Protein chains: 2
Amino acid sequence: MSDIDISTATVSRLPRYLHAAVDLAADKEATVSSEQLAALTQVNPATVRRDLASLAITGRRGVGYDTAYLVYEISNALGLNQESPVAIVGAGNIGRALCNYLGFSERGFPIRLVLDSDQAKVGKPVGDLTVQSMDDLEELVQAHSIELGIIATPAEYALTVAERLVRAGVTSLLNFTTQMLDLGNHAVVRKVDLATELQILSYFGQRLGTTSAEAASQI
Amino acid sequence: MSDIDISTATVSRLPRYLHAAVDLAADKEATVSSEQLAALTQVNPATVRRDLASLAITGRRGVGYDTAYLVYEISNALGLNQESPVAIVGAGNIGRALCNYLGFSERGFPIRLVLDSDQAKVGKPVGDLTVQSMDDLEELVQAHSIELGIIATPAEYALTVAERLVRAGVTSLLNFTTQMLDLGNHAVVRKVDLATELQILSYFGQRLGTTSAEAASQI
DNA sequence: CGGTGTGAATTTGTTCACAGCT
DNA sequence: AGCTGTGAACAAATTCACACCG
């Protein structure tokens with residue numbers, strides 16, 4: 001949609017810059033220096049400048065970057081110009097908690113669909129949605145122009161669900177399951193595995209004195 | 001505790017190898033080749049071999065790696081020899097969902113404590129725990145030898161809570177809040193921000209044809 | 001053979017340091 | 001004066017390709 005491509009390392013930092021810029025703009029700060037932005041996002045100032053330069057975002061020497069401009073350009077680069085509706089598959093503990101989490105819609109990802117295969121759950125309210133039947137997945141995904149799917153089913157169903165979503169037109173998936181999902185180049189998948197996070201934390205936690213601490217505070 | 005230090009990129013992949021090895025061992029597979037392991041974890045085979053070599057894990061030429069040995073050594077390297085008790089602060093939607101998620105204890109991270117500052121919630125059951133008062137945080141953390149904390153409070157309390165946990169002896173934190181936490185080198189922090197995940201997904205989802213797809217399927 | 005283990009090449013990412021703009 | 005923007009040095013990570021071994 002937009003420009004040339006940005007390095008993955010940079011992309012992974014953009015949400016942080018965006019977040020900081022939104023906050024600053026809300027506080028009526030007209031400009032930020034790379035140094036301030038760096039402090040807010042725990043990134044090296046030179047890296048901030050490189051990253052922004054790679055988006056063709058330009059600041060003013062002696063002044064800094066325009067916060068409103070930052071918000072506009074970073075949103076643009078990430079493709080957040082318009083809302084992307086989300087579907088959650090699986091109305092168990094995780095699925096329901098995600099539905100009740102307001103942070104998604106606030107940041108441009110309204111949840112439009114919650115699906116479950118359990119007929120006992122279908123029809124029940126969750127947040128301000130109603131659980132719908134998995135049988136109608138394709139139809140509903142298309143009707144709501146869903147681009148993003150969140151898989152919160154038991155692990156054994158994850159792959160089937162993912163494939164159905166993709167065939168129905170979903171391009172990006174957040175996978176809360178313990179399954180690995182390989183969908184070739186039909187979709188992008190990000191796995192969120194909290195036990196994995198704890199394992200990594202555990203490693204770095206044990207070597208706190210030894211190594212530098214902030215090594216692990218990445219996305 | 002254990003050996004010399006492992007590169008962060010390697011550490012971030014170890015949980016995946018471990019997971020695969022555990023599954024293989026459970027399926028009575030005595031050995032795996034780096035190629036198989038690579039396929040299961042979506043990593044390049046050469047990278048798998050490099051990573052394992054860096055842990056001093058050695059395979060047999062023409063055969064592969066011993067699965068049981070992999071499980072043992074990787075667990076060891078990550079410091080997962082014994083359980084690490086976890087405390088969850090905040091008994092809202094996320095906090096409660098995490099308490100009910102069994103995956104943690106299964107993988108060696110038993111949840112021993114749920115805390116909330118809201119007196120109305122204190123005393124209520126969540127999973128098989130009871131919500132306890134934030135007032136007793138220090139005492140409880142010490143009594144249960146908590147090493148890992150999960151912060152699931154409203155954003156404005158995150159820093160204070162984090163500091164209290166750290167002062168009470170917690171070395172590693174999972175932060176579900178939108179706040180950035182900088183605790184110097186007193187603790188390791190990992191931020192879990194699902195809207196950020198969606199933003200990154202959104203970027204890669206839009207350039208599916210253009211770029212290689214699996215770029216984003218990292219931890 | 002069918003696999004590992006690793007030198008060497010390559011790519012990617014980070015950081016310094018400073019010229020140059022406003 | 002105070003910042004950006006970037007060349008150049010550096011560091012980390014990935015990947016190839018092949019010698020070597022069971």
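Reminder, nothing fancy here: chain letters follow the sequence lines and each chain counts from 1. All of these numbers come straight from a predicted model, not from anything done at the bench.
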Which pairs count as salt bridge (charged side-chain N to carboxylate O under 4.0 Å, His left out) when at least one residue sits in residues 84-108 of chain A, sequence neighbours excluded?
A:R107-B:D193
Under a criterion of less than 4.0 angstrom to any heavy atom of chain A, what are the 5'-terminal and 3'-terminal contacting nucleotides of DNA chain C?
C:dG13 to C:dT22
Residue pairs, two or more places apart or on separate chains, that pass ring pair (Phe, Tyr, Trp, His ring centres under 6.0 Å) and touch residues 59-91 of chain A:
none
Which residues pass the side chain to side chain donor-acceptor pair (under 3.5 Å) test with B:T41, sequence neighbours left out?
none
Non-neighbouring partners of A:E35 that pass salt bridge (charged side-chain N to carboxylate O under 4.0 Å, His left out), sequence neighbours left out
none
Write down the protein N/O and nucleotide N/O pairs, taken from nucleotides 12-14 of chain D, whose separation is under 3.5 Å; answer none if there are no such pairs.
unit_1	atom_1	unit_2	atom_2	d
D:dA13	OP1	B:T8	OG1	3.2
D:dT14	OP1	B:R13	NH1	3.0
D:dT14	OP2	B:R13	NH1	2.9
D:dT14	OP2	B:R13	NH2	2.9

By salt bridge (charged side-chain N to carboxylate O under 4.0 Å, His left out), A:E138 pairs with (sequence neighbours left out) A:R164
Between N or O atoms, less than 3.5 Å apart, protein on one side and nucleotides 18-21 of chain D on the other: list the pairs.
unit_1	atom_1	unit_2	atom_2	d
D:dC20	O2	B:R61	NH1	3.0

With a cut-off of 3.5 Å and sequence neighbours excluded, list every side-chain donor-acceptor pair involving residues 43-50 of chain B.
unit_1	atom_1	unit_2	atom_2	d
B:N44	OD1	B:A46	N	2.7
B:R49	NH1	B:S34	OG	3.0

Would you please name every residue forming a side chain to side chain donor-acceptor pair (under 3.5 Å) with A:S54, sequence neighbours left out?
none
Hits for ring-ring contact (aromatic ring centres under 6.0 Å, His included) against A:Y157, two or more places apart or cross-chain, chain-then-number order -> none
Contacts of A:E73 that satisfy side chain to side chain donor-acceptor pair (under 3.5 Å) - sequence neighbours left out
none
